[in-house]
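Here's the structure we're looking at; comments come further down.
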Amino acid sequence: MDLSRLAGNAPLKRQLSAESSGRGLSHAYILAGPAGTGKRTLAQLLAAALICEGAGEKPCGVCPHCRKALRDIHPDVRRVGSDGKDLNVAQVRALRSDAYIRPNEASRKVYLLENAQTMNASAQNAMLKLLEEGPAYAAFLLLTDNAAALLPTVRSRCETLALSPVTVEEADGYLRARYPEQSPQAIAELAARCEGVLGRAVAELEGSGAAGPIREGAVKLLRFLAGGDELTLLEFSVALEKWERSDVEALLGETILLLRHALVCAAGADPGERDPERLSAARLAADKLTPRALLSAAEILDKLRAACAYNAGTGHLAGWLCAALSV
């Protein structure tokens, strides 16, 4: 199976290649991993492979079905939940009704459910019935940041594909190939800083999404923490209620990275950060806070980041952030 578009994740690729060349792909997969680790890329490749009619390795990338699926314009590949809102039982029931209408062009229909962890119990039970009794030509790809948020009965009807962050070397190779116009030094620094989450690196290089505000927010948060001003920290935290959960998660990750830089600075070493503003914030934190306080803050932020995967609301996260860091 050709999964060359997906960086890293060698064990997962071997698993899918063995399935594709053996018994064939499953009708239902859970694609699990942190935001930015390639769930959408893998879902697109699986959808193309499931409807591919080319000879040899799948997806062939050449047949009409592959070309349409890889461009997100195939009528038999449906996305549900791409608006970022929680998936509800009405959407799942509508999906179930649609699944019993035969495919338009391909031999199969493929449904991509984004943010599957946002389904409540009723929606998941409706999904379970579809997984158990749906038509043979229907396939389902459930994308989630946290597979544990899905009911055990739903997980038992699917194969779970866990995506992992890539190594620094894999990130560097991927980014160099995709952005040959970027300087090798800039690519190397970003590969080391993105913590194996290529989606974060791509957003920064392309200046898309909230990459800029996230990096700026992390610097502000660290400076507020170092300054010990609880009112400023409260105001910053309250503003996070308007952020998307995925952006809050990215902000926490960036701040954790800066705290690590601060710990390196506190030890008298060079953290390898070349951004003057970020380096200045790390040095300020190292000067104002003890190593124990820096470690404690990093642990708190890591717990908050984990809570993002459990569908915690941004308001709760903001309150927790302020209360925990103000202690």
Side-chain angles (χ1 to χ4, degrees), residues 1-33 35-82 99 102-114 136-144 158-167 169-182 187 191 196-199 201-203 205-206 208:
M1 187 173 179
D2 184 7
L3 296 170
S4 57
R5 295 191 185 194
L6 179 67
N9 292 280
L12 182 151
K13 290 178 178 178
R14 288 194 294 269
Q15 173 190 341
L16 287 173
S17 293
E19 289 182 11
S20 180
S21 60
R23 62 170 172 79
L25 295 174
S26 172
H27 81 293
Y29 288 101
I30 294 172
L31 281 58
T37 50
K39 294 189 295 294
R40 289 185 178 87
T41 298
L42 178 58
Q44 190 179 59
L45 291 169
L46 281 173
L50 285 162
I51 61 176
C52 176
E53 293 186 350
E57 198 170 34
K58 299 183 183 300
C60 69
V62 177
C63 73
H65 295 306
C66 276
R67 292 203 303 270
K68 288 183 179 180
L70 294 174
R71 292 170 57 198
D72 285 329
I73 59 172
H74 200 292
D76 295 318
V77 178
R78 308 287 180 86
R79 288 186 179 271
V80 181
S82 56
R102 296 198 64 84
N104 291 282
E105 298 179 7
S107 59
R108 307 193 70 170
K109 268 188 169 181
V110 185
Y111 295 91
L112 282 64
L113 283 77
E114 300 197 34
Y137 56 75
F140 307 94
L141 307 176
L142 282 64
L143 284 66
T144 176
C158 306
E159 288 190 33
T160 298
L161 303 174
L163 290 99
S164 303
V166 300
T167 65
E169 292 74 18
E170 288 169 337
D172 187 88
Y174 174 89
L175 295 172
R176 284 176 188 268
R178 181 164 176 173
Y179 302 98
E181 74 282 1
Q182 294 287 337
I187 290 292
V197 181
L198 285 172
V202 168
L205 282 171
E206 296 184 353
S208 60

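Owing to the predicted nature of the structure, the values given are computational and were not obtained by experimental measurement.
Contact check for Leu70 versus Leu45: side-chain heavy atoms found under the 4.5 Å cut-off. Residues Asp172 and Ile187 have side chains in contact (heavy-atom distance under 4.5 Å, counting atoms from C-beta outward). Within the 4.5 Å cutoff, the side chain of Leu42 has no heavy atoms near those of the Asn9 side chain. The shortest side-chain heavy-atom distance between Val77 and Asp72 does not fall under the 4.5 Å cut-off. Gln15 has its side chain within reach of Leu161: a pair of non-hydrogen atoms, C-beta onward, lies under 4.5 Å apart. Side chains of Leu46 and Met1 form a contact here, defined as non-hydrogen atoms less than 4.5 Å apart. Side chains of Tyr174 and Val202 form a contact here, defined as non-hydrogen atoms less than 4.5 Å apart.
Residue-environment remark: CZ (Arg71) stays at or below the threshold of 12 foreign heavy atoms within 6.0 Å. Counting heavy-atom neighbours within 6.0 Å of Arg108 CZ, excluding the residue itself, gives a total above 12. Counted within 6.0 Å of CZ on Arg5, heavy atoms from surrounding residues, nucleotides or ligands total 12 or fewer; the atom is thus considered open.
When all heavy atoms are compared, the tightest approach of Ala43 to Leu112 is CB-CD2, 3.7 Å. The shortest non-hydrogen separation linking Tyr137 to Ser107 is CB-O, 3.5 Å. Nearest approach of Val197 to Ala35, heavy atoms of both residues: CG1-O, 3.2 Å. For Leu25 against Ala49, the heavy-atom pair with the smallest separation is CD1-CB, 3.9 Å. Here the shortest heavy-atom pairing between Pro75 and Asn104 reads O-ND2, 4.0 Å. Residue Thr37 comes nearest to Pro165 through the heavy atom pair CG2-N, 4.2 Å, listed as atom of the first residue, atom of the second, then distance.
No side-chain donor-acceptor contact under 3.5 Å links Ser26 to the backbone of Tyr29. A donor-acceptor pair under 3.5 Å is formed between the side chain of Lys39 and the backbone N or O of Gly33. Between the side chain of Glu19 and the main chain of Gly24, no donor-acceptor pair closer than 3.5 Å is present. Checking side-chain atoms of Lys13 against main-chain N and O of Leu6 turns up a donor-acceptor pair under 3.5 Å. Between the side chain of Ser20 and the backbone N or O of Leu16, no donor-acceptor pair lies under 3.5 Å.
The structure places SG of Cys66 at 7.0 Å from CD1 of Ile51, a figure rounded to the nearest 0.5 Å. Between atom CG of residue Leu175 and atom CD of residue Gln182 there is a gap of 9.0 Å, rounded to the nearest 0.5 Å. The CZ atom of Arg79 lies 9.5 Å from the CG atom of Leu141; values are rounded to the nearest 0.5 Å. In this structure, Ser21 OG and Lys58 NZ are separated by 12.5 Å, a value rounded to the nearest 0.5 Å. To the nearest 0.5 Å, the span separating CD1 on Ile30 from OG1 on Thr160 amounts to 4.0 Å. Put simply, NE2 on His65 and CG on Leu50 are 12.5 Å apart, with the number rounded to the nearest 0.5 Å.
A perpendicular orientation is assigned to the rings of Phe140 and His27, their planes being inclined by more than 60° (bins at 30° and 60°).
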